[in-house]
Amino acid sequence: VLDETTNAHINNGAQINMKLPVSTEVVDVLVRASDNTDILSVAGAIGISKTAGIGAAGNIAIITKETGAWIDSNTDVNATGSVSLLASSNEDVIAVAGSIGAGMTVGFAASGAVYLMDTTTKAYVADGGAAGQGAVLDANGNITVAAEGHADLLMVAGTLGLGKTG
C-alpha cells in the first residue's frame, strides 16, 4: 500500500512581493509540486511434491496519490516576470508474477499481477467564495496554471503446471 500526498501552495492571506524592485530585475513566482513513483516488483513461487505440486504467486499493490499546486483565496501575488502554478505526477511500474507447480500426479500453478491506482493531480487558483476574497495575481509576464499526470505500466504474469499420470 502506497499513500502519498505532495502539495505546494501559497496560504490564505499571504502577500507575495508587495514591494517589487524599481529596477529592471525580473521577479518570477513559481509554485510547483512534483511526485515521481518508480516501482519494480517481482513475486514468485514454486511448489514441488511427490503427489500434487501447487505454486501460487500474487503481485498486488494499492497506490493512492494526490499532487497539487495552488494559490489560496484572499492572497496577493505580484511579479515583474511570470507567475506559474505547476503540478505533475508520474508513475512507472513494472510488476512481474510467476509460479510453478509440479507433482508426480498433479501440478497446479496460478499467478497474477493486480495494481489498483487512484491518482489526482491538480493546479488551481482558489475562489474566495465572496466578492473581494479571491486571489489577486499581477504579473508583467505570463500566468500559467498547469497539471499533468502520466502512468506507464508493464504487468506480466506466467504459470507452469506439470503433472504425470500412469
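Because the structure is a prediction, the values reported are computed rather than measured.
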Enter the distance from L2:CG to E91:CD here, rounded to the nearest 0.5 Å. 9.0 Å
Could you give the distance from CD1 (I94) to CG (N59), rounded to the nearest 0.5 Å? 11.5 Å
Rounded to the nearest 0.5 Å, how far apart are CD of E4 and CG of N36? 9.5 Å
Around atom OH of Y124, are there more than 12 heavy atoms from other residues, nucleotides or ligands closer than 6.0 Å? yes
Any chance you could measure L40, atom CG, to D92, atom CG, to the nearest 0.5 Å? 11.5 Å
Compare every heavy atom of G81 with every heavy atom of A139, then report the nearest pair and how far apart it is. CB-O, 3.6 Å
So which heavy atom on A45 is nearest to which on A56, and how close? CB-O, 3.1 Å
Given the options D138, V136, I71, D76 meets side-chain contact (heavy atoms from CB on, under 4.5 Å) only with V136
Closest heavy-atom contact between A109 and G161? CB-N, 4.3 Å
Under 3.5 Å, side chain of N74 to main-chain N/O of G13, donor-acceptor pair present? no
Taking every heavy atom of A69 against every heavy atom of A33, the minimum-distance pair comes out as CB-N, 4.2 Å
Looking at M104, I'd like to know if its CE atom is crowded, meaning that more than 12 non-hydrogen atoms belonging to other residues, nucleotides or ligands lie closer than 6.0 Å. no
Over all atoms of both residues, closest heavy-atom pair of K122 and A87: O-CB, 3.3 Å
Give me the one residue out of T64, D118, I62, I63 that meets side-chain contact (heavy atoms from CB on, under 4.5 Å) with D3. T64
Are I10 and V29 packed together at the side-chain level, in the sense that at least one heavy-atom pair is separated by less than 4.5 angstrom? yes
Which of these, V125, N7, V31, sits in a side-chain contact (heavy atoms from CB on, under 4.5 Å) with W70? N7
According to a hydrophobic-cluster definition based on side-chain heavy atoms being under 4.5 Å apart (Ile, Leu, Val, Met, Phe, Trp, Tyr only), do Y115 and I60 belong together? no
Following the transitive rule for hydrophobic clusters with a side-chain heavy-atom cut-off under 4.5 Å over Ile, Leu, Val, Met, Phe, Trp and Tyr, establish whether I16 and L85 coincide in one cluster. yes
Note: S111 and G158 closest approach over all heavy atoms is OG-O, 2.9 Å
Rounded to the nearest 0.5 Å, how far does CG of N17 lie from OG1 of T80? 8.0 Å
Whether S99 side chain and A110 backbone form a donor-acceptor pair below 3.5 Å: yes
Does one hydrophobic cluster hold both M117 and I39, with members joined at side-chain heavy-atom distances below 4.5 Å? yes
Inter-residue atom distance S34.OG - L86.CG, 0.5 Å rounding: 9.5 Å
Transitive ILVMFWY side-chain link V145 to V77, under 4.5 Å: yes
